[in-house]
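In what follows, a structure is listed as structure tokens, so that the remarks can point back to it.
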Amino acid sequence: MEYNHIPRQSLGFFPTPLIALSRLSKALDGPTIFMKRDDNTGLALGGNKTRKLEFIMGDALAQGADCVITAGAAQSNHCRQTAAAAASLGLECHLVLGGEEPEQTSGNLLLDKIFGSHIHWAGANRKGEDIPKIVEQLTKQGKKPYVIPYGGSNELGALAFVEAFKELESQRESMDVLFTHIVFASSSGATQAGLMLGKKILNSPAQIVGINIDKGETDKVPFDQYTVALANSTASLIGADHQFSETDLILNSDYVGEGYGVVGTLENEAIAMTAQTEGILLDPVYTGRAMGGLIDMIRSGKIKKTDRVLFWHTGGAPALFAYSSDLDMMKRNG
């Protein structure tokens, strides 16, 4: 299959590091754990959305866009990286954020403003429901807006993680390790869809295990159905002879807790343990919850000591500052 014809704009530093978490493994008396450090992609303090934006921004430029518009929660990592990518390419950026404007600006929202993005507050509509009317306004102003889907999750975003899987395979082979599980935060679908397709293309034995971060639906379609459909449409895009069904999807929803962005004991422990054993920061919404899920699966025996696990760090550390009142590190250290 060939997809060199699909536009791509360089935005990040790749390959990202692949490292062993030996101290965390020892603390858990668990399996060998590795981490793929997509928090080190370089764009606006890093994150996995940089990979997706390389293809998405490449398409926006190819279509002659002069502004981009996307949506997310107030502390969206995707929006922060989109704002930075747009600034680096000379594109106007509009962010449609859920909630109301806070009295104090911190975390990703502070960075959004530093990058010069135009912020539209949307109340309960954090997944882009208000985008069409803003597109209409921009078009009437003579601009050429390009809509980036929630989380950068379309076929181009998923294609980025087919490429990411190839990158991982090259690193894995050089380290002479074979993973039994690849665990990561799954929220808008493209990361998981791309990794599923990459696994099929490269015939990897690893289980692709998404830890569901959010309740609800994507585009009014149940998240599991959406992710499978996206894997199939991405395969069609690049001419890959692979078809997926829901039996191919491993999406663990045991750790959603009180819902998106609600930080509890699970996330607090995972953030503290990873920081205090490895000196690595997780975020409270995505990687903290996903690592909490991995820790629980190890302790419960669902992942065995003989397994070899890769945890894909998708970034998000700037959000720690906005969630300071929900993080209980001092008490845990005391």
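For clarity, every value in this text was computed on a predicted model and none was experimentally measured.
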Can [X] and [Y] be counted as having a side-chain donor-acceptor contact under 3.5 angstrom?
X    : Y    : result
T41  : K49  : no
S186 : Q192 : yes
D38  : T16  : yes
D296 : Y255 : yes
Y146 : D59  : yes

Worksheet item: Around K304, counting heavy atoms of other residues, nucleotides and ligands shown, do more than 12 lie under 6.0 Å from its NZ?
Response: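 Atom NZ in K304 is not packed in, count stays at 12 or less.
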Discussion item. A quick test of your reading: do over 12 heavy atoms of other residues, nucleotides or ligands sit less than 6.0 Å from CD of Q104?
Written reply: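 Incorrect, the count does not exceed 12.
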Discussion item. Between the side chains of E169 and R172, is the shortest nitrogen-to-carboxylate-oxygen separation below 4.0 Å, so that they form an ion pair?
Written reply: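 Salt bridge between R172 and E169, a charged N being under 4.0 Å from a carboxylate O: yes.
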Worksheet item: Does R299 pair with E269 as a salt bridge, N-O distance under 4.0 Å?
Response: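 Between E269 and R299 there is a salt bridge, with a charged N closer than 4.0 Å to a carboxylate O.
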With a 3.5 Å distance limit and no angle check, can you tell me whether [X] reaches the backbone of [Y] through a side-chain donor-acceptor pair?
X    : Y    : result
R51  : G157 : no
N232 : F244 : yes
E278 : L24  : yes
E54  : T50  : no
S253 : N212 : no
E267 : G292 : no
T274 : I271 : no
K144 : D66  : no
K199 : A206 : yes
R80  : A44  : yes

Using a 4.5 Å cut-off on heavy atoms from C-beta on, say whether the side chain of [Y] contacts that of [X].
X    : Y    : answer
L237 : I6   : yes
I69  : C67  : no
L21  : I280 : yes
L110 : F321 : no
N252 : M297 : yes

Discussion item. Could you work out, with ring pair (Phe, Tyr, Trp, His ring centres under 6.0 Å) as the rule, every residue matching H120, not counting sequence neighbours?
Written reply: H94
Do [X] and [Y] sit in one hydrophobic cluster, given that two such residues count as connected whenever their side-chain heavy atoms are within less than 4.5 Å of each other, even indirectly?
X    : Y    : result
V96  : L109 : no
L91  : V135 : no
L45  : L320 : no
L95  : V147 : no
L282 : L28  : yes

Discussion item. Does anything in residues 19-74 form a ring-ring contact (aromatic ring centres under 6.0 Å, His included)? List the pairs, not counting sequence neighbours.
Written reply: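 Sorted pair list: F34-F179.
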Worksheet entry | Spacing of SG belonging to C93 relative to CZ belonging to F115, to within rounding of 0.5 Å | 10.5 Å
Worksheet entry | G152 versus K52, closest heavy-atom pair with distance |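 So the minimum-distance heavy-atom pair works out to O-CD, 3.6 Å.
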